[in-house]
Amino acid sequence: MENLNEMLQIRRQKLQELLDANENPYVHEKFDNANNTKEISDNFDEFDGKEVKIAGRIMSKRGHGKVNFMDLQDSLGRIQLFNKVNELGEENYAKVKNMDIGDIVGVEGSIFKTHSGEISIRTKSVVLLSKSLQILPEKWHGLKDPDLRYRQRYVDLIMNPEIKDTFVKRSRIISAIREFLDTRGFLEVDTPILNTIAVGANARPFITHHNTLDIDMYLRIANELYLKRLIVGGFDKVYEMGRMFRNEGMDHTHNPEYTAIELYQAYADYNDMMDITEQLVAFVCEKVNGSMKSQFGETEIDFTPPWKRITMVDAIKEYADINFDEIETDEQAREVAKANNVDIKDNMSRGEVINECFEHFCEEKLVQPTFVLGHPVEVSPLAKRNPDDERYTHRFEAFVCTKEIANAFSELNNPIDQKERFLKQVEARENGDDEAQMMDYDFLNALEVGLPPTGGLGIGVDRLIMMLTNNESIRDIMLFPTMKPVGNNS
């Protein structure tokens, strides 16, 4: 059997033969594909015997002599082509037989059913629109290797067209999010992706350099502080959905660039953000899946409001039987954590230990939609303090299937308090924490101008899409996930 190089060479020889015959293998003219496979298969009685014009990719060939069959695939499905020398003529039939799997063709013909009942096109014209020089995977085994599927998504879409459903649903989810917010008076805005400082979240940024200004710049890790500036400026409801970038680890729920949405509402608080979160997710789920319930793996998730609400301290008490209400000092907190085999650092504060214990004991237990409230101030540098106990903040995280999908605050609008927290972040950064935030003096100036009481919410759009499309890897809901180059990008 020919090896791959020989097969590729044969295709290039066919290409050269077309050029030598003054036949363009990549035609300039458009093709009027007035029909598609789905409408034909769904409405056969209306199309039976009628002329159609359709375009797509040849996916298989079979038959010899004066009759040849092909399967043509367009964006919506497949249909069989019935090529007969008597219909096409000797010369054109020879050209059709010389076409390869993977070639893109334009077809004219009439619809009928074969004796076996398969809807087919009796072709009158088959025109080569684009010559394929590569070999598609063998049809019985297809393209199964996940790494290759992510690297060559274009081949994956050809060989596994069912995955298109996920990306169609992704688009519908994003549209539904916008619909929900737009109808509630939120204004979609654009803020910079290139920043002069990395702020808005605790994360390691990507660094680049601006040659004209001769300064280092950072791809945004969050758009939070720009959106708050707009609230200062007089917009009452704003949101932005787009790419964020974090120079961190990669796994089945993390990609260096990802889609997130942040929204802010003046004169609101984190309780309002909880209402918006559960209503938005339920709305989107019902819009896209036809129900407020969605299957994720073996679990049926019920997004119907209201969702469970529990404080971080109470969650630790429930799932680990550790009561931080009875632990007052940093030292006591560290001792309790170590006694329960929680990996902590020797300089951690009580609030940081609480957060570590929550992540260690509780996150894996949060399957159905749950709001976790009352985060310690040490891990919430942009959230307003709880006036009843200033060790905690008016903040929540929303968890589904053990994963955080949303994070929200009653936004800190006290410039003095904010400066003190920024300074602690700067100190942490100077002590080696490259995920700590930088000082943003312009944002402090905006707070001094005056930020009204504000509720803010961030949602991980990709994680939400995973939940609503039953995909357990973020790479399966991203058309082109980040991949390590192999060889010469081969």
Side-chain angles (χ1 to χ4, degrees), residues 144 146-147 149-150 153 156-157 160-180 241 244 249-255 257-261 273-310 312 315 318-319 358-373 396-408 457-482:
K144 303 300 182 186
D147 188 78
R149 289 178 61 196
Y150 302 143
R153 182 67 85 185
D156 186 27
L157 290 165
N160 303 304
E162 68 277 1
I163 70 164
K164 289 181 182 177
D165 294 341
T166 292
F167 297 107
V168 169
K169 189 174 283 190
R170 178 190 177 99
S171 180
R172 292 180 59 208
I173 289 168
I174 289 173
S175 295
I177 292 172
R178 286 194 167 99
E179 178 185 348
F180 178 91
M241 182 158 40
M244 308 297 159
M250 297 169 58
D251 57 31
H252 70 287
T253 60
H254 293 88
N255 193 69
E257 61 173 311
Y258 63 97
T259 301
I261 183 171
M273 296 301 105
M274 272 187 272
D275 293 340
I276 286 177
T277 302
E278 60 188 9
Q279 290 169 15
L280 183 153
V281 174
F283 171 84
V284 172
C285 186
E286 186 168 34
K287 185 94 174 179
V288 174
N289 290 334
S291 165
M292 292 186 188
K293 296 179 180 179
S294 183
Q295 194 72 26
F296 186 70
E298 300 298 319
T299 305
E300 183 180 70
I301 306 300
D302 188 353
F303 290 107
T304 306
W307 297 358
K308 177 181 177 180
R309 304 183 182 195
I310 189 171
M312 185 174 282
E318 178 177 338
Y319 296 117
F358 170 77
E359 292 181 357
H360 184 83
F361 293 112
C362 305
E363 287 189 359
E364 65 181 11
K365 304 292 198 308
L366 304 177
V367 177
Q368 292 299 324
T370 303
F371 291 119
V372 177
L373 325 175
F396 73 77
E397 290 176 293
F399 285 84
V400 180
C401 282
T402 76
K403 302 294 185 294
E404 175 206 341
I405 64 164
N407 185 24
L457 166 66
I459 297 176
V461 174
D462 292 319
R463 287 193 182 178
L464 178 59
I465 291 170
M466 289 168 62
M467 304 293 174
L468 298 182
T469 60
N470 196 12
N471 281 287
E472 297 190 14
S473 172
I474 193 171
R475 294 183 173 192
D476 288 327
I477 56 93
M478 301 183 105
L479 281 167
F480 300 101
T482 303

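What you see is a predicted model, and the numbers here were worked out from it, not measured in a lab.
Dense packing is recorded around NZ of K164, with more than 12 heavy atoms of other residues, nucleotides or ligands lying under 6.0 Å away.
Atom CD1 of I177 and atom NZ of K287 lie 13.0 Å apart (nearest 0.5 Å). Rounded to the nearest 0.5 angstrom, I465 CD1 and R170 CZ are separated by 4.0 Å. Here the straight-line distance linking atom CG of N255 with atom CE of M478 works out to 4.0 Å at 0.5 Å rounding. Within the model, atoms CZ of R149 and CG of D147 stand 11.5 Å from one another, a figure rounded to the nearest 0.5 Å. Distance CG/L464 to CD1/I477: 9.5 Å, rounded to 0.5 Å. To the nearest 0.5 Å, atom OG of residue S291 and atom CG of residue D302 are 7.5 Å apart.
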Does the side chain to side chain contact (heavy atoms under 4.5 Å, CB included) test come out yes or no for R475 and M250, once each step is laid out?
CA-CA 10 Å; R475 294 183 173 192; M250 297 169 58; 3.2 Å; yes
Step by step, would you call M312 with E359 a side chain to side chain contact (heavy atoms under 4.5 Å, CB included)?
CA-CA 10 Å; M312 185 174 282; E359 292 181 357; over 6 Å; no
Side chain to side chain contact (heavy atoms under 4.5 Å, CB included) assessment of Q368 paired with T299:
CA-CA 9 Å; Q368 292 299 324; T299 305; 4.0 Å; yes
Show the numbers, then the answer: is there a side chain to side chain contact (heavy atoms under 4.5 Å, CB included) between M241 and V461?
CA-CA 8 Å; M241 182 158 40; V461 174; 3.8 Å; yes
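Counting all heavy atoms, side chain and backbone alike, I310 lies closest to E318 at CD1-OE1, 3.3 Å. Closest approach of K293 and C285 over heavy atoms only: O-SG, 3.8 Å. Between M467 and I405, the shortest heavy-atom distance links the atoms CE-CG2, 4.3 Å. Nearest heavy-atom pair across T304 and M292 is OG1-CB, 3.5 Å. The two atoms that bring A406 and I459 nearest to each other are CB-CG1, 4.0 Å, heavy atoms only. Minimum heavy-atom separation, N470 to G297: OD1-N, 2.6 Å.
The ring of F371 has its center closer than 6.0 angstrom to the ring center of F396.
A side-chain donor-acceptor contact under 3.5 Å links N289 to the backbone of L468. Of the possible polar contacts, none joining the R153 side chain to the F480 backbone as a donor-acceptor pair under 3.5 Å is found. Judged by distance alone, with hydrogens and angles left aside, the side-chain atoms of T482 form no donor-acceptor pair with the main-chain N or O of E257 at under 3.5 Å. In this structure, the side chain of E397 does not engage the main chain of E404 through any donor-acceptor pair within 3.5 Å. With hydrogens and angles ignored, the 3.5 Å screen pairs no side-chain donor or acceptor of E472 with any backbone N or O of F296. Side-chain atoms of N407 do not come within 3.5 Å of backbone N or O of A398 as any donor-acceptor pair. With hydrogens and angles ignored, the 3.5 Å screen pairs a side-chain donor or acceptor of D251 with a backbone N or O of T253.
Side-chain contact check for P481 versus I474: every heavy-atom pair is 4.5 Å or farther apart.
Applying the ring-ring contact (aromatic ring centres under 6.0 Å, His included) test to F180 and every residue at least two apart in sequence or in another chain returns F283. Legend: residues meeting ring-ring contact (aromatic ring centres under 6.0 Å, His included) with F303, ordered by chain and number and at least two apart, are absent.
In summary, K169 and D476 do not engage in a salt bridge, as defined by a charged side-chain N under 4.0 Å from a carboxylate O.
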